[in-house]
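Reading through the structure tokens given below for one structure.
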Amino acid sequence: MSLYIGREASKLWKRICAETATEINLLLENWKYILGGLICQYIHGLAARGVHYFHRPGPILQDAGFFLLPELGQERAYVSETVFTFVFLSFVLWTFHPFIFKSKKIYTVLIWCRVLAFLFACQILRIITFYSTQLPGPNYHCREGSRLATLPRPDNALEVLLILPRGVLYGCGDLIFSSHMIFTLVFVRTYQKYGTRRFIKQCAWLIAVVQSLLIIASRKHYTVDVIVAWYTVNLVVFFVDHKLAEMPDRSLGALLIPLSKDGRMKEEGTKLLNGNSGDPIDRRSRIQANGKVNEDSDNVHVDVLDGA
């Protein structure tokens, strides 16, 4: 029994090492996109904090969602945040599953390049809309009488440029459209396309609907903020996704494998990355019989022919 566990642990470690080497190569090729996406996240946080200086509390606007959904109350505001945290962490863990599981369909670096591109486009539109018109925030800390509803003028530039978690949780003025729904819908749509479990896809969309209702019931956003997020994010992801080059589907045999020094494929890496314990030479023969091999100076791309 201990021998079996040791052998499986050794296979898992080799698989993780091989996957790490492949992802590092992809990161070296695509680091500019990853860095650009992360910088955009900072700019979005900076813009959300900036609009808080312009926010002026006032009477809560008439809202159909507030009329239809009972108010959860300030003491239950954590419910919607808990659901969002679950969605966020679940998606992040899923993007790293190729390091552990044998069945692989995505590359972690490439999937995050796409996700950050979707977030960038959606958040640029969001910044434009909430700076165009500042609505009185419906959240409890944004209402009249709350000391957090407005921010005093900053004393220095560092106070504006430094984004603290407290400022993210207690922001006001960045309403149309919901940032929580941007992340949730981008994650759900990404899994809808690249995920493999139908049941999880159905649950993901159900959670997105529940998240929408909880945001309104928690009075964190007006109903219009959630509705605009639903059609804007879906349209943006649809059009941006069609502009980006399609990712290789690993489950169909499309691989990105580093070359060895003598120009041959690292067959052991091929076997480990795809969870195949068979003979690597036979596997390469099967791949070449069903596809075409394109070689360049850095990588070998094996693309499965249509209908193969």
Side-chain angles (χ1 to χ4, degrees), residues 34 37-38 40-49 52 65 69-101 106 108 111-112 114-120 122-123 126 130 137-142 148 162-195 197 199-223 225-230 232-234 237:
I34 298 292
L38 294 177
C40 179
Q41 296 305 303
Y42 171 74
I43 293 174
H44 173 259
L46 202 64
R49 176 170 175 79
H52 196 167
L69 294 174
E71 188 171 352
L72 286 179
Q74 192 169 2
E75 66 280 1
R76 297 186 183 88
Y78 68 90
V79 176
S80 65
E81 291 297 328
T82 302
V83 174
F84 175 75
T85 302
F86 170 77
V87 172
F88 188 91
L89 293 179
S90 298
F91 181 81
V92 171
L93 290 176
W94 171 75
T95 61
F96 284 92
H97 83 273
F99 288 83
I100 305 297
F101 296 100
I106 62 169
T108 302
I111 201 73
W112 276 108
R114 300 182 82 85
V115 168
L116 290 172
F118 299 151
L119 293 176
F120 168 77
C122 293
Q123 289 170 340
R126 181 173 189 262
F130 67 62
N139 211 335
Y140 303 102
H141 63 270
C142 299
L148 299 175
L162 185 62
I163 301 176
L164 299 175
R166 180 179 176 83
V168 175
L169 294 174
Y170 294 98
C172 297
D174 56 328
L175 292 174
I176 301 177
F177 41 97
S178 171
S179 178
H180 282 56
M181 291 310 302
I182 289 178
F183 280 90
T184 299
L185 291 172
V186 166
F187 292 165
V188 171
R189 281 194 61 101
T190 302
Y191 187 82
Q192 176 69 33
K193 182 172 182 180
Y194 297 105
R197 303 296 179 89
F199 175 73
I200 296 180
K201 294 178 182 180
Q202 294 172 341
C203 289
W205 284 110
L206 178 61
I207 291 174
V209 173
V210 172
Q211 172 77 359
S212 303
L213 299 177
L214 287 174
I215 289 175
I216 298 171
S218 300
R219 303 305 188 249
K220 295 182 178 180
H221 279 277
Y222 293 108
T223 305
D225 305 339
V226 175
I227 292 176
V228 171
W230 267 92
T232 302
V233 174
N234 280 288
V237 172

Go through His180 and Ser80 one step at a time and tell me if the side-chain contact (heavy atoms from CB on, under 4.5 Å) criterion holds. CA-CA 10 Å; His180 282 56; Ser80 65; over 6 Å; no

Contact summary for [X] and [Y], nearest pair of heavy atoms:
X: Ala217; Y: Pro70; result: CB-O, 3.7 Å
X: Ala204; Y: Val188; result: O-CG2, 3.7 Å
X: Thr108; Y: Ile111; result: O-CG2, 3.1 Å
X: Cys40; Y: Phe120; result: SG-CD1, 3.0 Å
X: Pro138; Y: Tyr222; result: CD-CE1, 3.7 Å
X: Leu185; Y: Ala229; result: CD1-O, 3.6 Å

Does some side-chain heavy atom of [Y] sit less than 4.5 Å from a side-chain heavy atom of [X]?
X: Lys193; Y: Arg114; answer: yes
X: Phe118; Y: Val233; answer: no
X: Lys220; Y: Ser178; answer: no
X: Leu175; Y: His221; answer: yes
X: Met181; Y: Val226; answer: yes
X: Phe183; Y: Gln211; answer: no
X: Phe187; Y: Ile207; answer: no
X: Phe88; Y: Val92; answer: yes

Are the charged groups of Asp174 and Arg49 less than 4.0 angstrom apart, N to O?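 Here Asp174 does not pair with Arg49 in a salt bridge, since their nearest N and O are not under 4.0 Å apart.
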
Whether the side chain of Arg219 engages the backbone of Asn139 through a donor-acceptor N/O pair (distance < 3.5 Å, no angle test) should be reported.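 Here the side-chain-to-backbone pair does not exist.
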
Taking Arg76 for its side chain and Leu72 for its backbone only, find out whether a donor-acceptor pair lies under 3.5 Å.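 The answer is yes, because a donor-acceptor pair under 3.5 Å joins these two groups.
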
Run the side chain to side chain donor-acceptor pair (under 3.5 Å) test on His141 and Gln74 for me, step by step, so that the C-alpha distance in whole Å, both residues' side-chain angles and the decisive distance to 0.1 Å come before the verdict. CA-CA 9 Å; His141 63 270; Gln74 192 169 2; over 6 Å; no

If you measure from [atom1] on [X] to [atom2] on [Y], what distance do you get to the nearest 0.5 Å?
X: Ile163; Y: Ile43; atom1: CD1; atom2: CD1; result: 10.0 Å
X: Ile215; Y: Phe84; atom1: CD1; atom2: CZ; result: 8.5 Å
X: Ser179; Y: His44; atom1: OG; atom2: NE2; result: 4.0 Å
X: Leu69; Y: Thr223; atom1: CG; atom2: OG1; result: 7.0 Å
X: Gln202; Y: Gln192; atom1: CD; atom2: CD; result: 9.0 Å
X: Phe177; Y: Cys122; atom1: CZ; atom2: SG; result: 6.0 Å

Can Trp230 and Val209 be said to form a side-chain contact (heavy atoms from CB on, under 4.5 Å), step by step? CA-CA 10 Å; Trp230 267 92; Val209 173; 4.2 Å; yes

Go through the steps to decide whether Tyr194 and Trp94 satisfy the test side-chain contact (heavy atoms from CB on, under 4.5 Å), and finish with yes or no. CA-CA 11 Å; Tyr194 297 105; Trp94 171 75; 3.9 Å; yes

For Trp112, run the side chain to side chain contact (heavy atoms under 4.5 Å, CB included) check against Thr190, Thr95, Ile106 and tell me which one passes.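 Testing each of Thr190, Thr95, Ile106 against Trp112, the sole residue satisfying side chain to side chain contact (heavy atoms under 4.5 Å, CB included) is Thr95.
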
Test log, rule side-chain contact (heavy atoms from CB on, under 4.5 Å), inputs Arg189 and Trp205: CA-CA 9 Å; Arg189 281 194 61 101; Trp205 284 110; 3.8 Å; yes

Would a line drawn from the ring center of Tyr191 to the ring center of Phe91 be shorter than 6.0 Å?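 That pair fails the under 6.0 Å test.
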
